[in-house]
Number of protein chains: 2
Amino acid sequence: MVSKALIQEISQLEADFCSALSDPTRLLIIYSLADKPHNVTELTNELDIIQPTISRHLKTLRDRGLVYTVRNGSSITYHLGDKRLTQALDLLRAVMRDRLKHRASLAKETKATINA
Amino acid sequence: MVSKALIQEISQLEADFCSALSDPTRLLIIYSLADKPHNVTELTNELDIIQPTISRHLKTLRDRGLVYTVRNGSSITYHLGDKRLTQALDLLRAVMRDRLKHRASLAKETKATINA
DNA sequence: AACGTATATACGTTTATGCGTATACGATAG
DNA sequence: CTATCGTATACGCATAAACGTATATACGTT
């Protein structure tokens, strides 16, 4: 049997890990890096978000080990750490898409019923 | 070309969806429901968390469409909405495990280097 | 050494999130 | 009909997260 405290601690860790994904800017960064590595300036330009904001989000991704950095002269290139991350996000997006579709059809049903 | 505003909106939606996963209690609930459906009282007992807290977290899961409910007499049974959710979480956990392992070995390396 | 470019961080503020207690609502039993 | 059990919500508080501005650090060039 696994102790309750341990289970809670693991869940906390995992929640922390997932919280890296719960911000739209960070998701945009992840998708951008999944395409190819970028440095901070490139991300700043591509996403049209000011540099300190990009850096702050990169830090939270780095702290959780989702991205890693390679110094390249005076700039720093950020890489996505694990391809499975993209797979997981793809799955989540697919689930989300289906949920939204489902709701849309429910809404239509309801409207039709009311109008009937 | 997809408009920037649309991309941002989609990312916001997805971040919102992911934020459902960024709380340890909700993860415990999801894992519990992945095993089998439960009603609120069962979750309360199994996870040893007070009922209003369980209900609140269930609401956020329900709002995002991750779980659905079936009324069963006077109680309400909660079901996990999509098996892919578990798959995605498994992937994320695997990534996290590897990251932690990697860091542990890095820490060991560092220590060895310092002590050398 | 001095300057410019690239990146990171600190600070104060605003907004969001979670918690516990108390309470309301809904369904069933007696 | 009211008492009870199961579930949901409201409220006040405490904590955490995000943002923009300002500033610090690091590297490369001259």
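Atom set for the values below is all heavy atoms of this structure, side chains included, hydrogens, waters and symmetry mates excluded. Below, chains carry the letters A, B, ... as their sequence lines are ordered, and counting in each starts from 1.
- For the pair A:Tyr78 and C:dA8, the criterion of a side-chain N or O lying under 4.0 Å from OP1 or OP2 is met.
- Nearest heavy atoms, B:Leu33 versus B:Tyr78: CD2-O, 3.4 Å.
- More than 12 heavy atoms of other residues, nucleotides or ligands shown are found within 6.0 angstrom of NE2 on B:His79.
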Across nucleotides 20-30 of chain C, 5' to 3', mark each nucleotide with B, S or - according to how protein heavy atoms within less than 4.0 Å reach it. BBB----SS--
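- At the heavy-atom level, A:Ser75 lies under 4.0 Å from the strands shown only through sugar-phosphate atoms.
- Atom-to-atom, NZ of A:Lys59 to C1' of C:dA10 comes out at 12 Å; the value is rounded to the nearest Å.
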Assess the residue pair B:Asn39 and B:Ile76 against the criterion (side chain to side chain contact (heavy atoms under 4.5 Å, CB included)); give the C-alpha distance rounded to whole Å, side-chain angles, the decisive distance to 0.1 Å, and a yes or no. CA-CA 5 Å; B:Asn39 64 37; B:Ile76 296 178; 5.7 Å; no
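- Distance B:Arg64 CZ to C:dA16 C1': 11 Å, rounded to the nearest Å.
- Between the CD1 atom in B:Ile49 and the CD1 atom in B:Ile54 there is a gap of 4.5 Å [rounded to 0.5 Å].
- A:Leu58 places its CG atom 16 Å from the P atom of C:dA6, with the value rounded to the nearest Å.
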Given side chain to side chain contact (heavy atoms under 4.5 Å, CB included), test A:Arg26 with A:Leu21 step by step and report yes or no. CA-CA 7 Å; A:Arg26 284 197 293 270; A:Leu21 310 176; over 6 Å; no
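- Contacts with DNA chain C (heavy atom under 4.0 Å) in residues 15-48 of chain A: A:Asn39, A:Val40, A:Thr41, listed by number.
- When the shell of 6.0 Å around CD of A:Glu46 is examined, it contains more than 12 heavy atoms from other residues, nucleotides or ligands.
- Contact between the side-chain N/O atoms of B:His57 and the OP1/OP2 oxygens of C:dT17 is not found at any separation under 4.0 Å.
- Across all strands shown, D:dT30 forms a Watson-Crick or G-U wobble pair with C:dA1, both key distances being under 3.5 Å.
- Shortest non-hydrogen contact noted between B:Arg103 and A:Asp63 is NH1-O, 2.9 Å.
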Determine, stepwise, if the pair A:Ser19 / A:Arg64 fulfils side chain to side chain contact (heavy atoms under 4.5 Å, CB included). CA-CA 10 Å; A:Ser19 76; A:Arg64 287 162 176 80; 3.4 Å; yes
